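Some notes on the structure that comes next.
All figures in this text were calculated on a predicted structure; none of them were measured in a lab. Values below: every heavy atom of this structure, side chains too, minus hydrogens, waters and symmetry copies. Reminder, nothing fancy here: chain letters follow the sequence lines and each chain counts from 1.
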Amino acid sequence: MENLKEEVRVRFAPSPTGFVHIGSLRTALFNYLFARHHNGKNVLRIEDTDQTRKVEGAVDNLINNLGLLGIEFDEGPVQGGNYGPYYQSDRLDIYKKYCDELLEKGAAYYAFDTPEELDEMRKLQQLEGRQTMYDRRARDLNKDEIKKNLESGMPFVIRLKVPLDEEIKFDDLIKGTIKIETNIIDDQILLKSDGFPTYHMANVVDDHLMKVTHIIRGEEWVTSVPKHILIYRALGWDVPKMAHVPLILNKDKSKLSKRQGDVAVEDYLRKGYLKEALINFIALLGWNPGEGEEQEFFTMDELIKRFTLEKVQSSGAVFNIDKLNWMNNTYIKNYDLDILTEISIPYFENTGIDISDISKVKKILSAIRVYLNKLDEIPEQLKIFTQDEVRPENDKLNEFLTADTSRKVFHALVNKFESAGGISIDSYKSAISKFNLKPVLKESFYLSL
RNA sequence: GGUCCCAUCGACUAGGGGUUAGGUCGCCACUCUUUCACAGUGAAAACACGGGUUCGAAUCCCGUUGGGACCGCCA
């Protein structure tokens, strides 16, 4: 259909508002897998057009965490590229230019409404039980009025002039054909009064200029696609292929949120989930190789080889921590012990184990790794090595262990071990199993009479 | 409320006109182990509902119901 020789270019376009959300991680992963699968380019673009939400250090944090997990970019703020700059805040002139073009073509218009006026409008709409959307009141401002307002320095925004009574249709690679009536599409703000573009404007302009061929992003964007299509059309540009990935959900099936558990990638890393396990698990959340394949463990390379958009699920997936734990435990059990030891060291700090003795740490780790769902469980598994005294975990057990009969059995055992010249790892098991309890119990029984 | 999307065991999913509807996590039982855990074996567990189409629908179509997302000078 399309030019097959065209290089595949995808982008991950987060806004730098803090930590990396698990949902973002999956979007980033799918973009990466898709790009690598097709020998294309993976572009990182920072969508920092909201001045009020900017968080210091967020970009570094994002790149670091993604990099840690093996997700890399071919173009972006760090490595540059031919289609930069990759910060939207550095591209203001570009957006301005295309906004002017839209204005000129009659596809956009000036609006001078104040936020308060808009608030009022929405409140009224809500009261009347109607859908809240801009009532297009500034559409037909006459030229003189606009000129006058502009000259008097009145704050303004530029809005998209959505054509009425039309149906916008597009084919989503995951969801299929989606249709929306233009009458319910908002005259979206394209350029804010602070001179920054909104997401809708910036993402269309950038995707076109950066030659993005496939837009792979979260499902929450589906409803704004028609607006974007209108902009592409007005500017005479081709619309990239779209793939809207279903959401990752809480246990109650709502959009994965902080309220119901950890959502930041760094939280999981900190708790000692291995990067391979995290990637493997996240990839399987919404994607599977299909064709009756029952393999569940995949390396990044295998994922790259197998990943296709066709096999991405069209419904949302609940984030199931139990399965992540199981998968992480499996990775821990099978991990290269030397490397595992190295990454486990931090979790041995302040536990009473001498971490300068690597071979000892390694030995202990090899003994306890089967019990670990995640590395931060190391300290509790270490107790057996560091406690001088083992305490029964509950009263019942305590009662049993301190009973006279039990005491006698233990004494007899100790005597036996002593007379055998001590115990060793190899001999204790057989010594215990050969130990004859009967005489001890008998004696104890008669004594109690 | 409006619009859009979605619907197979509790969860992730395979299958996609004729299958005993398969696998994984979890749950349960048994075995191993003088606790727990690990390991092994086994079991319970699903096509939301109603209409079509068809010789035959979990599978295709329509509707209902349920769930979700979006409706900002946020992305």
* Side-chain N or O of A:K54 less than 4.0 angstrom from OP1 or OP2 on B:C74? -> no
* Structure fact -> A:E128 atom CD is separated from B:G2 atom C1', nearest whole Å, by 14 Å
* **Nearest heavy-atom neighbours spanning A:Y347 and A:P379** => O-CG, 3.7 Å
* **Watson-Crick or G-U counterpart of B:A21, or none if no pair lies under 3.5 Å** => none
* To do: Identify whether any heavy atom of A:K311 sits under 4.0 Å from a base atom; if not, whether one sits that close to sugar-phosphate; answer base, sugar-phosphate or nothing.
  => sugar-phosphate
* Considering only the C1' atoms, how many Å lie between B:C60 and B:U54, rounded to the nearest integer? -> 10 Å
* **P gap between B:C49 and B:U41, integer Å** => 34 Å
* So, is A:N288 near the phosphate of B:U13, with a side-chain N or O under 4.0 Å from OP1 or OP2? -> no
* Between atom CD in A:Q51 and atom P in B:A75, what is the gap in whole Å? -> 10 Å
* Would you indicate, yes or no, if B:C74 has its OP1 or OP2 atom less than 4.0 angstrom from a side-chain nitrogen or oxygen of A:T49? => no
* To do: May I ask you to evaluate whether A:K253 reaches the phosphate of B:A11, defined as a side-chain N or O under 4.0 Å from OP1 or OP2?
  => yes
* Would you mind reading off the distance between A:L285 atom CG and B:C12 atom P, rounded to a whole angstrom? => 8 Å
* Does a nitrogen or oxygen in the side chain of A:K192 sit under 4.0 Å from OP1 or OP2 of B:G72? -> no
* **Spacing of the P atoms in B:C6 and B:C30 (rounded, Å)** => 45 Å
* Asked: In the structure shown, which nucleotide is the Watson-Crick or G-U wobble counterpart of B:U65, with both distances under 3.5 Å?
  -> B:A7
* **Gap in Å between the two C1' atoms, one belonging to B:G26 and one to B:U13, rounded** => 14 Å
* Structure fact -> 5' to 3', nucleotides 4-9 of chain B under a 4.0 Å protein heavy-atom cut-off (B base, S sugar-phosphate only, - none) gives SSSS--
* **Nearest-nucleotide pick for A:E220, side chain only, options being B:C70, B:C73, B:C71** => B:C70
* To do: State the pairing partner of B:G2; accept Watson-Crick or G-U wobble contacts with both distances under 3.5 Å, and report none otherwise.
  => B:C70
* Are A:R137 and A:E117 ion-paired here, with the side-chain N under 4.0 Å from a carboxylate O? -> no
* Closest to the A:V318 side chain: B:G22, B:G26, B:A11? -> B:A11
* Scan nucleotides 36-47 of chain B nucleotide by nucleotide, 5' to 3', and note B when protein non-hydrogen atoms come under 4.0 Å of the base, S if they reach only the sugar-phosphate, - if neither. => -BSS--------
* To do: Tell me, with the steps shown, if A:L66 and A:F73 meet side chain to side chain contact (heavy atoms under 4.5 Å, CB included).
  => CA-CA 9 Å; A:L66 257 26; A:F73 298 95; 4.0 Å; yes
* If you check the A:T132 side chain, which of B:C12, B:G72, B:C74 turns out closest? -> B:G72
* Rounded distance in Å - CG (A:N328) to P (B:C25) -> 15 Å
* **A:R369 to A:Y335 six-membered ring, cation-pi geometry met (6.0 Å, 45°)** => no
* A:T341: which of A:I364, A:D336, A:V361 passes side-chain contact (heavy atoms from CB on, under 4.5 Å) -> A:V361
* **Distance, C1' atom - from B:G18 to B:G66, rounded to whole angstrom** => 30 Å
* Centres of the A:F281 and A:F319 rings: under 6.0 Å? -> yes
* Distance-only polar pair, side chains of A:E377 and A:Y371, donor-acceptor under 3.5 Å -> no
* Watson-Crick or G-U wobble partner of B:U34, both distances under 3.5 Å -> none
* In terms of side-chain geometry, is the basic nitrogen of A:K323 or A:E296 positioned less than 4.0 Å from the acidic oxygen of its partner? -> yes
* Asked: For A:G286, which contact category applies under a 4.0 Å heavy-atom criterion: base, sugar-phosphate, or nothing?
  -> sugar-phosphate
* Asked: Is B:A45 paired to anything, Watson-Crick or G-U wobble with both distances less than 3.5 Å, and if yes, which nucleotide?
  -> none
* Assign each of A:R26 and A:F112 to its nearest nucleotide of RNA chain B by heavy atoms, then name whichever residue's nucleotide is nearer the 5' end. => A:R26
* is_close_aromatic(A:Y331, A:F297), centroid dist under 6.0 Å -> yes
* Asked: Considering only B:C73, B:C70, B:C71, which nucleotide approaches the side chain of A:D186 most closely?
  -> B:C71
* Asked: Looking at CD1 of A:I332 and CG of A:L337, how far apart are the two atoms once the value is rounded to the nearest 0.5 Å?
  -> 12.0 Å
* Assign each of A:K255 and A:W221 to its nearest nucleotide of RNA chain B by heavy atoms, then name whichever residue's nucleotide is nearer the 5' end. => A:K255
* More than 12 heavy atoms of other groups within 6.0 Å of A:K192 NZ -> yes
* Which value, in whole Å, describes the distance between the P atoms of nucleotides B:A39 and B:C61? -> 43 Å
* How far, in whole Å, is B:G23 from B:A44 if one measures between their P atoms? -> 12 Å
* Asked: Is the shortest distance from a Lys or Arg side-chain nitrogen in A:D100 or A:K96 to a carboxylate oxygen in the other one below 4.0 Å?
  -> yes
* Asked: Going by an N to O cut-off under 4.0 Å, is there a salt bridge joining A:K271 and A:D262?
  -> yes
* To do: Between B:A48 and B:C9, how far apart are the C1' atoms? Round to whole Å, please.
  => 14 Å
* Given A:N61, which of A:I63, A:V59, A:N65 fulfils the side-chain contact (heavy atoms from CB on, under 4.5 Å) condition? -> A:N65
* To do: Rounded to the nearest angstrom, tell me the gap between atom CH2 in A:W326 and atom C1' in B:G23.
  => 11 Å
* Asked: Atom NE2 of A:H200 and atom P of B:C71: how far apart are they, to the nearest Å?
  -> 8 Å
* Using atom CG of A:D48 as one end and atom P of B:C73 as the other, report the distance to the nearest whole Å. => 19 Å
* For A:N203, report the nucleic acid contact type (base, sugar-phosphate, nothing); a contact means any heavy atom under 4.0 Å. => nothing
* To do: Pick base, sugar-phosphate or nothing for A:R130, based on heavy-atom distances below 4.0 Å to the nucleic acid.
  => nothing
* Pick base, sugar-phosphate or nothing for A:T198, based on heavy-atom distances below 4.0 Å to the nucleic acid. => sugar-phosphate
* **Geometric cation-pi criterion, A:R11 with A:Y83: 6.0 Å, 45°** => no
* To do: Could you tell me whether A:E291 contacts a base, only the sugar-phosphate backbone, or nothing, with contacts defined as non-hydrogen atoms closer than 4.0 Å?
  => sugar-phosphate
* **Gap between atoms CZ and C1', on A:R306 and B:A14 respectively (whole Å)** => 13 Å
* **Residue-level proximity of residues 57-66 of chain A to RNA chain B when a heavy atom falls under 4.0 Å** => none
* Give a yes or no on whether a salt bridge exists between A:K175 and A:E219, defined as a side-chain N under 4.0 angstrom from a carboxylate O. => yes
